[in-house]
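First listed ligand is number 1; within each ligand, the first listed atom is number 1. Computed over heavy atoms, backbone and side chain alike; hydrogens, waters and symmetry mates excluded.
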Amino acid sequence: MDLNFSKKDETFRRTVADWMKSNLSGRFAQLKGRGGPGDEHSLHDLRHEWEKRMAESRWTCVGWPKEDGGRGLSIEQQVIFFEEYARAGGPGRVGHIGEGLVGPTISTFGNDEQKKRFLPPIVAGEELWCQGYSEPNAGSDLANVRTKARLENGEWVIDGQKTWTSLAMHADWCFVLCRTEEDSKLHRGLSYILVPMRQSGITVRPIMQMTGTSEFNEVYFDGARTAEDNIVGRPGEGWSVAMGTLAFERGVSTLGQQMQFRNELDAIIDIARQNGRDRDPMIQRRLVDAWIGLKAMRANALRMLSRPAAAELPREAYIYKISWSIWHRDLGKLAMDVLGPDAEIGEDVPYDLSSLQRLFLFVRADTIYAGTNQIQRNIIAERALGMPKEPRR
Ligand SMILES: Cc1cc2nc3c(=O)[nH]c(=O)nc-3n(C[C@H](O)[C@H](O)[C@H](O)COP(=O)(O)OP(=O)(O)OC[C@H]3O[C@@H](n4cnc5c(N)ncnc54)[C@H](O)[C@@H]3O)c2cc1C
(Lines give C-alpha, C1' and ligand atoms only; values in the text may rest on other atoms or scores of the structure.)
Protein backbone atom coordinates (compact mmCIF):
# COMPACT_ATOMS: atom_id res chain seq x y z
CA MET A 1 0.00 0.00 0.00
CA ASP A 2 1.40 3.35 -0.99
CA LEU A 3 -0.87 6.20 -0.09
CA ASN A 4 0.73 9.46 0.87
CA PHE A 5 -0.93 12.81 0.93
CA SER A 6 1.30 15.41 -0.71
CA LYS A 7 1.22 19.16 -0.03
CA LYS A 8 -0.88 19.53 -3.17
CA ASP A 9 -3.34 16.97 -1.79
CA GLU A 10 -3.59 18.86 1.49
CA THR A 11 -4.33 22.06 -0.44
CA PHE A 12 -7.00 20.10 -2.30
CA ARG A 13 -8.39 18.99 1.09
CA ARG A 14 -8.84 22.64 2.08
CA THR A 15 -10.53 23.39 -1.25
CA VAL A 16 -13.08 20.62 -0.66
CA ALA A 17 -13.63 21.59 3.00
CA ASP A 18 -14.12 25.27 2.04
CA TRP A 19 -16.55 24.36 -0.76
CA MET A 20 -18.57 22.18 1.59
CA LYS A 21 -18.65 24.89 4.24
CA SER A 22 -19.86 27.61 1.93
CA ASN A 23 -22.33 25.45 0.00
CA LEU A 24 -23.83 23.23 2.69
CA SER A 25 -25.40 26.36 4.10
CA GLY A 26 -28.58 28.39 3.72
CA ARG A 27 -31.44 26.11 2.73
CA PHE A 28 -28.99 23.20 2.23
CA ALA A 29 -27.86 23.39 5.89
CA GLN A 30 -30.84 21.27 6.96
CA LEU A 31 -29.35 18.40 4.89
CA LYS A 32 -26.39 17.96 7.24
CA GLY A 33 -26.19 14.33 8.33
CA ARG A 34 -29.48 13.42 6.61
CA GLY A 35 -30.31 10.71 4.09
CA GLY A 36 -28.09 8.06 5.74
CA PRO A 37 -29.01 4.53 6.88
CA GLY A 38 -32.73 4.32 7.59
CA ASP A 39 -33.18 7.94 6.56
CA GLU A 40 -32.90 7.58 2.77
CA HIS A 41 -36.46 8.78 2.24
CA SER A 42 -35.95 12.14 3.91
CA LEU A 43 -35.67 15.46 2.07
CA HIS A 44 -35.28 13.70 -1.27
CA ASP A 45 -36.13 16.67 -3.50
CA LEU A 46 -33.76 18.98 -1.70
CA ARG A 47 -31.02 16.34 -1.79
CA HIS A 48 -31.61 16.04 -5.53
CA GLU A 49 -31.09 19.81 -5.84
CA TRP A 50 -27.95 19.41 -3.76
CA GLU A 51 -26.72 16.77 -6.24
CA LYS A 52 -27.17 19.31 -9.04
CA ARG A 53 -25.42 22.02 -7.03
CA MET A 54 -22.47 19.63 -6.61
CA ALA A 55 -22.54 18.91 -10.35
CA GLU A 56 -22.34 22.62 -11.19
CA SER A 57 -19.01 22.74 -9.34
CA ARG A 58 -17.90 19.38 -10.81
CA TRP A 59 -18.07 17.52 -7.49
CA THR A 60 -20.05 14.56 -8.84
CA CYS A 61 -18.31 11.52 -10.36
CA VAL A 62 -14.97 12.85 -9.13
CA GLY A 63 -13.18 9.55 -9.80
CA TRP A 64 -14.50 9.07 -13.32
CA PRO A 65 -12.07 9.72 -16.17
CA LYS A 66 -12.30 13.15 -17.74
CA GLU A 67 -13.43 11.70 -21.09
CA ASP A 68 -16.54 10.36 -19.30
CA GLY A 69 -17.23 13.80 -17.82
CA GLY A 70 -15.60 13.07 -14.46
CA ARG A 71 -12.91 14.99 -12.65
CA GLY A 72 -10.27 12.28 -13.09
CA LEU A 73 -9.02 12.60 -9.49
CA SER A 74 -6.20 10.42 -8.18
CA ILE A 75 -7.11 7.79 -5.58
CA GLU A 76 -5.59 10.03 -2.89
CA GLN A 77 -7.76 12.99 -3.90
CA GLN A 78 -10.87 10.85 -4.13
CA VAL A 79 -10.21 9.62 -0.60
CA ILE A 80 -9.81 13.23 0.53
CA PHE A 81 -12.98 14.28 -1.26
CA PHE A 82 -15.15 11.58 0.33
CA GLU A 83 -13.60 12.11 3.77
CA GLU A 84 -14.19 15.85 3.70
CA TYR A 85 -17.69 15.33 2.34
CA ALA A 86 -18.56 13.09 5.32
CA ARG A 87 -16.67 15.28 7.81
CA ALA A 88 -18.79 18.27 6.78
CA GLY A 89 -21.96 16.20 7.26
CA GLY A 90 -22.69 15.93 3.51
CA PRO A 91 -26.07 14.20 3.00
CA GLY A 92 -26.65 10.72 1.53
CA ARG A 93 -26.15 11.06 -2.23
CA VAL A 94 -29.27 10.49 -4.34
CA GLY A 95 -27.11 9.75 -7.39
CA HIS A 96 -24.88 7.07 -5.89
CA ILE A 97 -26.24 4.11 -7.89
CA GLY A 98 -25.63 5.97 -11.16
CA GLU A 99 -22.23 7.28 -10.12
CA GLY A 100 -20.97 4.16 -8.34
CA LEU A 101 -22.57 1.27 -10.24
CA VAL A 102 -24.12 1.77 -13.66
CA GLY A 103 -21.90 4.67 -14.82
CA PRO A 104 -18.61 2.74 -14.48
CA THR A 105 -20.35 -0.31 -16.01
CA ILE A 106 -21.46 1.64 -19.10
CA SER A 107 -18.01 3.20 -19.33
CA THR A 108 -16.38 -0.27 -19.30
CA PHE A 109 -18.84 -2.43 -21.21
CA GLY A 110 -21.05 0.06 -23.11
CA ASN A 111 -20.65 1.42 -26.65
CA ASP A 112 -19.96 5.05 -27.59
CA GLU A 113 -23.62 5.88 -28.18
CA GLN A 114 -24.54 4.57 -24.74
CA LYS A 115 -21.76 6.56 -23.10
CA LYS A 116 -22.96 9.71 -24.88
CA ARG A 117 -26.58 9.13 -23.92
CA PHE A 118 -26.28 7.93 -20.32
CA LEU A 119 -23.13 9.32 -18.70
CA PRO A 120 -23.74 13.11 -18.96
CA PRO A 121 -27.10 13.06 -17.10
CA ILE A 122 -25.47 11.05 -14.28
CA VAL A 123 -22.64 13.58 -14.04
CA ALA A 124 -25.17 16.44 -14.09
CA GLY A 125 -27.16 14.82 -11.25
CA GLU A 126 -30.21 14.81 -13.50
CA GLU A 127 -31.05 11.13 -14.02
CA LEU A 128 -31.27 8.72 -11.09
CA TRP A 129 -30.88 4.95 -11.32
CA CYS A 130 -31.87 1.77 -9.53
CA GLN A 131 -30.53 -1.78 -9.66
CA GLY A 132 -32.84 -4.54 -10.91
CA TYR A 133 -31.06 -7.76 -9.96
CA SER A 134 -32.84 -9.52 -7.04
CA GLU A 135 -36.10 -11.39 -7.51
CA PRO A 136 -38.25 -13.39 -5.08
CA ASN A 137 -36.27 -16.53 -6.02
CA ALA A 138 -33.01 -14.98 -7.05
CA GLY A 139 -30.95 -13.21 -4.40
CA SER A 140 -27.78 -14.99 -3.36
CA ASP A 141 -28.59 -17.34 -6.20
CA LEU A 142 -28.70 -14.52 -8.73
CA ALA A 143 -28.27 -16.83 -11.72
CA ASN A 144 -31.82 -17.99 -11.03
CA VAL A 145 -33.23 -14.75 -12.53
CA ARG A 146 -36.58 -15.35 -14.26
CA THR A 147 -37.56 -11.89 -15.53
CA LYS A 148 -37.74 -12.16 -19.31
CA ALA A 149 -37.15 -9.80 -22.20
CA ARG A 150 -38.00 -10.41 -25.87
CA LEU A 151 -37.49 -8.30 -28.97
CA GLU A 152 -40.59 -6.89 -30.61
CA ASN A 153 -40.58 -4.22 -33.36
CA GLY A 154 -37.17 -2.84 -32.41
CA GLU A 155 -37.86 -2.79 -28.67
CA TRP A 156 -37.20 -5.08 -25.71
CA VAL A 157 -40.42 -6.04 -23.98
CA ILE A 158 -39.88 -7.01 -20.34
CA ASP A 159 -42.06 -9.14 -18.06
CA GLY A 160 -41.30 -10.25 -14.52
CA GLN A 161 -40.72 -9.06 -10.98
CA LYS A 162 -37.75 -7.58 -9.16
CA THR A 163 -37.60 -7.06 -5.41
CA TRP A 164 -35.63 -5.16 -2.76
CA THR A 165 -35.02 -2.50 -5.42
CA SER A 166 -33.49 0.43 -3.53
CA LEU A 167 -34.74 3.90 -4.44
CA ALA A 168 -36.85 2.62 -7.37
CA MET A 169 -39.49 5.17 -6.36
CA HIS A 170 -37.16 8.01 -7.34
CA ALA A 171 -35.32 6.38 -10.24
CA ASP A 172 -35.59 7.45 -13.88
CA TRP A 173 -33.84 4.30 -15.13
CA CYS A 174 -33.21 0.74 -13.96
CA PHE A 175 -30.49 -1.66 -15.09
CA VAL A 176 -32.32 -4.94 -15.31
CA LEU A 177 -30.74 -8.38 -15.37
CA CYS A 178 -33.12 -10.56 -17.39
CA ARG A 179 -33.37 -13.71 -19.44
CA THR A 180 -33.36 -13.07 -23.19
CA GLU A 181 -32.93 -16.69 -24.30
CA GLU A 182 -35.93 -18.91 -23.90
CA ASP A 183 -35.22 -21.97 -21.66
CA SER A 184 -31.66 -20.87 -20.87
CA LYS A 185 -30.29 -21.85 -17.47
CA LEU A 186 -28.09 -20.26 -14.82
CA HIS A 187 -25.57 -17.69 -16.09
CA ARG A 188 -26.22 -18.32 -19.75
CA GLY A 189 -28.86 -16.44 -21.74
CA LEU A 190 -29.01 -13.41 -19.42
CA SER A 191 -28.79 -9.80 -20.64
CA TYR A 192 -28.15 -6.43 -19.00
CA ILE A 193 -30.84 -4.04 -20.22
CA LEU A 194 -31.40 -0.36 -19.41
CA VAL A 195 -35.08 0.38 -18.89
CA PRO A 196 -36.82 3.76 -18.35
CA MET A 197 -38.82 3.60 -15.11
CA ARG A 198 -41.51 6.16 -15.91
CA GLN A 199 -43.81 4.13 -18.12
CA SER A 200 -47.14 2.33 -17.77
CA GLY A 201 -45.55 -1.16 -17.95
CA ILE A 202 -43.79 -0.64 -14.60
CA THR A 203 -45.36 -0.65 -11.13
CA VAL A 204 -43.31 0.23 -8.05
CA ARG A 205 -44.62 -0.91 -4.66
CA PRO A 206 -42.81 0.20 -1.51
CA ILE A 207 -41.80 -2.43 1.07
CA MET A 208 -42.05 -1.20 4.67
CA GLN A 209 -38.79 -1.80 6.54
CA MET A 210 -38.42 -2.08 10.30
CA THR A 211 -37.24 1.53 10.45
CA GLY A 212 -40.83 2.32 9.47
CA THR A 213 -39.62 3.74 6.17
CA SER A 214 -39.36 2.30 2.68
CA GLU A 215 -35.97 2.55 1.08
CA PHE A 216 -36.62 -0.44 -1.18
CA ASN A 217 -39.49 -1.71 -3.32
CA GLU A 218 -41.03 -4.45 -5.37
CA VAL A 219 -40.91 -3.58 -9.08
CA TYR A 220 -43.29 -5.27 -11.52
CA PHE A 221 -42.54 -5.31 -15.25
CA ASP A 222 -45.67 -5.95 -17.23
CA GLY A 223 -44.86 -5.46 -20.91
CA ALA A 224 -42.38 -2.66 -20.05
CA ARG A 225 -40.49 -1.38 -23.09
CA THR A 226 -37.06 -0.05 -23.94
CA ALA A 227 -35.17 0.54 -27.19
CA GLU A 228 -33.30 -2.43 -28.69
CA ASP A 229 -30.02 -0.51 -28.38
CA ASN A 230 -30.35 -0.19 -24.60
CA ILE A 231 -28.49 -3.41 -23.91
CA VAL A 232 -25.02 -3.31 -22.38
CA GLY A 233 -22.81 -6.04 -23.84
CA ARG A 234 -24.21 -8.59 -26.25
CA PRO A 235 -27.53 -10.41 -25.77
CA GLY A 236 -26.98 -13.48 -23.60
CA GLU A 237 -23.74 -12.11 -22.13
CA GLY A 238 -25.27 -10.07 -19.31
CA TRP A 239 -23.77 -12.16 -16.51
CA SER A 240 -20.24 -10.85 -16.96
CA VAL A 241 -21.54 -7.27 -17.21
CA ALA A 242 -23.61 -7.80 -14.04
CA MET A 243 -20.56 -9.12 -12.18
CA GLY A 244 -18.58 -6.09 -13.40
CA THR A 245 -21.17 -3.83 -11.74
CA LEU A 246 -20.78 -5.69 -8.44
CA ALA A 247 -17.00 -5.21 -8.60
CA PHE A 248 -17.45 -1.42 -8.96
CA GLU A 249 -19.57 -1.39 -5.81
CA ARG A 250 -16.41 -1.41 -3.69
CA GLY A 251 -15.55 2.17 -4.90
CA VAL A 252 -13.48 4.80 -3.17
CA SER A 253 -16.61 6.15 -1.50
CA THR A 254 -16.07 3.36 1.05
CA LEU A 255 -13.54 5.69 2.66
CA GLY A 256 -16.24 8.33 2.98
CA GLN A 257 -18.44 5.66 4.47
CA GLN A 258 -15.76 5.15 7.12
CA MET A 259 -15.71 8.84 7.92
CA GLN A 260 -19.45 8.52 8.38
CA PHE A 261 -18.81 5.57 10.73
CA ARG A 262 -16.35 7.75 12.61
CA ASN A 263 -19.02 10.44 12.98
CA GLU A 264 -21.41 7.83 14.38
CA LEU A 265 -18.81 6.46 16.81
CA ASP A 266 -17.96 10.00 17.96
CA ALA A 267 -21.64 10.69 18.60
CA ILE A 268 -21.88 7.51 20.71
CA ILE A 269 -18.73 8.41 22.68
CA ASP A 270 -20.16 11.88 23.36
CA ILE A 271 -23.35 10.36 24.72
CA ALA A 272 -21.35 7.93 26.90
CA ARG A 273 -19.46 10.92 28.36
CA GLN A 274 -22.66 12.81 29.01
CA ASN A 275 -24.67 10.02 30.61
CA GLY A 276 -21.74 8.52 32.53
CA ARG A 277 -21.76 5.21 30.69
CA ASP A 278 -18.09 5.77 29.90
CA ARG A 279 -17.39 4.75 33.50
CA ASP A 280 -18.70 1.24 32.80
CA PRO A 281 -15.59 -0.88 31.98
CA MET A 282 -17.55 -3.16 29.60
CA ILE A 283 -18.80 -0.16 27.61
CA GLN A 284 -15.30 1.33 27.64
CA ARG A 285 -13.90 -1.90 26.23
CA ARG A 286 -16.48 -2.03 23.46
CA LEU A 287 -15.88 1.61 22.52
CA VAL A 288 -12.15 0.94 22.31
CA ASP A 289 -12.75 -2.20 20.23
CA ALA A 290 -14.92 -0.18 17.86
CA TRP A 291 -12.19 2.42 17.50
CA ILE A 292 -9.54 -0.25 16.80
CA GLY A 293 -11.86 -1.95 14.29
CA LEU A 294 -12.29 1.31 12.43
CA LYS A 295 -8.51 1.77 12.15
CA ALA A 296 -8.06 -1.79 10.85
CA MET A 297 -10.85 -1.30 8.29
CA ARG A 298 -9.28 1.88 7.05
CA ALA A 299 -5.94 0.15 6.51
CA ASN A 300 -7.61 -2.68 4.62
CA ALA A 301 -9.68 -0.30 2.51
CA LEU A 302 -6.64 1.76 1.54
CA ARG A 303 -4.81 -1.44 0.62
CA MET A 304 -7.76 -2.49 -1.53
CA LEU A 305 -8.13 0.89 -3.21
CA SER A 306 -4.46 1.40 -3.91
CA ARG A 307 -4.72 -1.42 -6.47
CA PRO A 308 -5.60 -0.24 -9.97
CA ALA A 309 -9.36 -0.22 -10.64
CA ALA A 310 -10.53 -3.36 -12.41
CA ALA A 311 -13.82 -5.02 -13.24
CA GLU A 312 -12.99 -7.88 -10.88
CA LEU A 313 -12.89 -7.90 -7.11
CA PRO A 314 -9.51 -7.88 -5.34
CA ARG A 315 -9.28 -10.37 -2.48
CA GLU A 316 -9.27 -7.61 0.11
CA ALA A 317 -12.76 -6.62 -1.01
CA TYR A 318 -14.28 -9.86 0.34
CA ILE A 319 -12.73 -9.39 3.76
CA TYR A 320 -13.75 -5.76 3.67
CA LYS A 321 -17.49 -6.36 3.14
CA ILE A 322 -17.63 -8.83 6.03
CA SER A 323 -15.57 -6.72 8.40
CA TRP A 324 -17.38 -3.41 7.90
CA SER A 325 -20.85 -4.94 7.98
CA ILE A 326 -20.23 -6.81 11.25
CA TRP A 327 -18.49 -3.79 12.75
CA HIS A 328 -21.41 -1.54 11.81
CA ARG A 329 -24.04 -3.97 13.06
CA ASP A 330 -22.21 -4.18 16.39
CA LEU A 331 -21.95 -0.40 16.53
CA GLY A 332 -25.74 -0.26 16.35
CA LYS A 333 -25.96 -2.56 19.40
CA LEU A 334 -23.31 -0.55 21.21
CA ALA A 335 -25.25 2.66 20.54
CA MET A 336 -28.35 1.16 22.15
CA ASP A 337 -26.39 -0.01 25.21
CA VAL A 338 -24.82 3.41 25.62
CA LEU A 339 -28.21 5.09 25.34
CA GLY A 340 -29.54 2.68 27.99
CA PRO A 341 -33.25 3.13 28.75
CA ASP A 342 -33.39 6.09 26.32
CA ALA A 343 -32.87 3.61 23.48
CA GLU A 344 -36.37 2.35 24.04
CA ILE A 345 -38.10 5.69 23.93
CA GLY A 346 -39.26 7.26 20.72
CA GLU A 347 -41.15 10.46 20.19
CA ASP A 348 -44.45 9.82 18.45
CA VAL A 349 -43.77 6.11 18.63
CA PRO A 350 -43.44 3.90 16.74
CA TYR A 351 -41.67 5.66 13.94
CA ASP A 352 -40.21 9.03 14.79
CA LEU A 353 -36.87 7.63 15.79
CA SER A 354 -33.57 9.27 16.69
CA SER A 355 -30.70 8.84 14.26
CA LEU A 356 -29.02 6.19 16.47
CA GLN A 357 -32.25 4.23 16.80
CA ARG A 358 -32.62 4.30 13.01
CA LEU A 359 -29.01 3.25 12.71
CA PHE A 360 -29.52 0.27 15.02
CA LEU A 361 -32.47 -0.95 12.98
CA PHE A 362 -31.04 -0.33 9.52
CA VAL A 363 -27.58 -1.84 10.07
CA ARG A 364 -29.18 -5.27 10.32
CA ALA A 365 -29.34 -5.01 6.51
CA ASP A 366 -25.62 -4.35 6.12
CA THR A 367 -24.76 -8.05 6.39
CA ILE A 368 -27.28 -8.84 3.63
CA TYR A 369 -27.11 -6.39 0.72
CA ALA A 370 -24.23 -6.40 -1.78
CA GLY A 371 -23.78 -10.13 -1.03
CA THR A 372 -24.65 -11.71 2.33
CA ASN A 373 -21.88 -12.56 4.78
CA GLN A 374 -22.53 -16.28 4.30
CA ILE A 375 -21.98 -15.85 0.57
CA GLN A 376 -18.83 -13.78 1.16
CA ARG A 377 -17.53 -16.61 3.37
CA ASN A 378 -18.27 -19.17 0.64
CA ILE A 379 -16.31 -17.05 -1.83
CA ILE A 380 -13.36 -16.65 0.54
CA ALA A 381 -13.39 -20.40 1.22
CA GLU A 382 -13.36 -21.20 -2.49
CA ARG A 383 -11.14 -18.47 -3.92
CA ALA A 384 -8.76 -17.60 -1.09
CA LEU A 385 -8.49 -20.94 0.72
CA GLY A 386 -8.99 -23.24 -2.27
CA MET A 387 -11.73 -25.27 -0.60
CA PRO A 388 -14.15 -27.33 -2.71
CA LYS A 389 -16.90 -25.42 -4.51
CA GLU A 390 -20.50 -25.81 -3.48
CA PRO A 391 -22.12 -28.36 -5.80
CA ARG A 392 -24.41 -26.64 -8.36
CA ARG A 393 -27.96 -27.81 -8.79
C1 LIG B 1 -31.22 -2.72 2.33
C2 LIG B 1 -31.16 -3.60 1.12
C3 LIG B 1 -31.10 -3.00 -0.13
C4 LIG B 1 -31.08 -3.80 -1.28
N5 LIG B 1 -31.07 -3.18 -2.50
C6 LIG B 1 -31.10 -3.94 -3.63
C7 LIG B 1 -31.18 -3.32 -4.92
O8 LIG B 1 -31.20 -2.08 -5.04
N9 LIG B 1 -31.26 -4.09 -6.02
C10 LIG B 1 -31.22 -5.46 -5.92
O11 LIG B 1 -31.26 -6.11 -6.97
N12 LIG B 1 -31.17 -6.09 -4.72
C13 LIG B 1 -31.11 -5.36 -3.57
N14 LIG B 1 -31.06 -5.97 -2.35
C15 LIG B 1 -31.16 -7.43 -2.28
C16 LIG B 1 -29.89 -8.13 -1.86
O17 LIG B 1 -28.97 -8.16 -2.89
C18 LIG B 1 -30.34 -9.55 -1.44
O19 LIG B 1 -31.14 -9.42 -0.27
C20 LIG B 1 -29.17 -10.46 -1.15
O21 LIG B 1 -28.47 -10.75 -2.33
C22 LIG B 1 -29.64 -11.78 -0.51
O23 LIG B 1 -30.64 -12.37 -1.26
P24 LIG B 1 -32.04 -12.80 -0.61
O25 LIG B 1 -32.56 -11.66 0.17
O26 LIG B 1 -32.88 -13.38 -1.70
O27 LIG B 1 -31.69 -13.94 0.44
P28 LIG B 1 -31.40 -15.46 0.12
O29 LIG B 1 -30.45 -15.55 -1.02
O30 LIG B 1 -32.69 -16.18 0.01
O31 LIG B 1 -30.65 -15.90 1.43
C32 LIG B 1 -31.33 -16.22 2.65
C33 LIG B 1 -30.28 -16.68 3.66
O34 LIG B 1 -29.65 -17.91 3.19
C35 LIG B 1 -28.24 -17.74 3.10
N36 LIG B 1 -27.73 -18.44 1.93
C37 LIG B 1 -28.25 -18.40 0.67
N38 LIG B 1 -27.50 -19.15 -0.16
C39 LIG B 1 -26.48 -19.65 0.59
C40 LIG B 1 -25.37 -20.48 0.29
N41 LIG B 1 -25.15 -20.93 -0.94
N42 LIG B 1 -24.52 -20.78 1.29
C43 LIG B 1 -24.72 -20.31 2.57
N44 LIG B 1 -25.78 -19.52 2.91
C45 LIG B 1 -26.63 -19.19 1.92
C46 LIG B 1 -28.03 -16.23 2.95
O47 LIG B 1 -26.75 -15.82 3.38
C48 LIG B 1 -29.14 -15.67 3.84
O49 LIG B 1 -28.73 -15.68 5.18
C50 LIG B 1 -31.08 -5.21 -1.16
C51 LIG B 1 -31.12 -5.80 0.09
C52 LIG B 1 -31.17 -5.02 1.22
C53 LIG B 1 -31.21 -5.70 2.57
With distance as the sole test, does N275 use its side chain to make a donor-acceptor pair with the main-chain N or O of V338 at under 3.5 Å? yes

Measure from NZ or CZ of [X] to the centre of the six-membered ring of [Y], then state whether that distance is under 6.0 Å and the direction lies within 45° of the axis.
X    : Y    : answer
K148 : F221 : no
R225 : W156 : no
K321 : W324 : yes

Protein contact for [atom] (heavy atom, distance under 4.0 Å):
atom                    : value
atom 35 (C) of ligand 1 : no
atom 29 (O) of ligand 1 : yes
atom 53 (C) of ligand 1 : yes
atom 32 (C) of ligand 1 : no

So which of [options] gets nearest to [atom], if we judge by its closest heavy atom?
atom                    : options                : result
atom 27 (O) of ligand 1 : A381, A242, A365, S140 : S140
atom 43 (C) of ligand 1 : I368, N144, N378       : N378
atom 8 (O) of ligand 1  : S166, C174, A370, S134 : S166
atom 47 (O) of ligand 1 : L246, I97, T372        : T372

Which residue holds the protein heavy atom closest to [atom], what is that atom called, and what is the gap in Å?
atom                    : value
atom 21 (O) of ligand 1 : G139 C, 3.7 Å
atom 44 (N) of ligand 1 : Q374 CB, 3.5 Å
atom 51 (C) of ligand 1 : Y369 CB, 3.5 Å
atom 41 (N) of ligand 1 : E390 OE1, 3.0 Å

If I apply the N/O under 3.5 Å rule, does [X] come out as touching ligand 1?
X    : result
W164 : yes
Y133 : yes
Q131 : yes

Can you check ring-ring contact (aromatic ring centres under 6.0 Å, His included) on W164 and Y369, steps first, answer last? CA-CA 9 Å; W164 320 128; Y369 64 79; over 10 Å; no

Against heavy atoms of I375, which atoms of ligand 1 measure under 4.0 Å? 38 (N), 39 (C), 40 (C), 41 (N)

R377 and side chain to side chain contact (heavy atoms under 4.5 Å, CB included): which single residue from I380, I375, N373 fits?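 Exactly one option meets the side chain to side chain contact (heavy atoms under 4.5 Å, CB included) with R377, and it is N373.
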
Hey, is E215 one of the residues with a heavy atom under 4.0 angstrom from ligand 1? yes

Sub-4.5 Å side-chain heavy-atom contact between [X] and [Y]:
X    : Y    : answer
D172 : W129 : no
Y220 : V204 : no
H170 : H48  : no

Same cluster or not: are L265 and L361 linked, directly or through other Ile, Leu, Val, Met, Phe, Trp or Tyr residues, by side-chain heavy atoms under 4.5 angstrom apart?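 Yes, L265 connects to L361 through the hydrophobic network.
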
Can you tell me how the ring of Y85 sits relative to the ring of W50, calling it parallel under 30°, perpendicular over 60° and tilted otherwise?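 Taking W50 first and then Y85, their aromatic rings sit tilted (interplane angle of 30° to 60°).
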
Logged contact type for F216 with ligand 1, heavy-atom cut-off 4.0 Å, is side chain

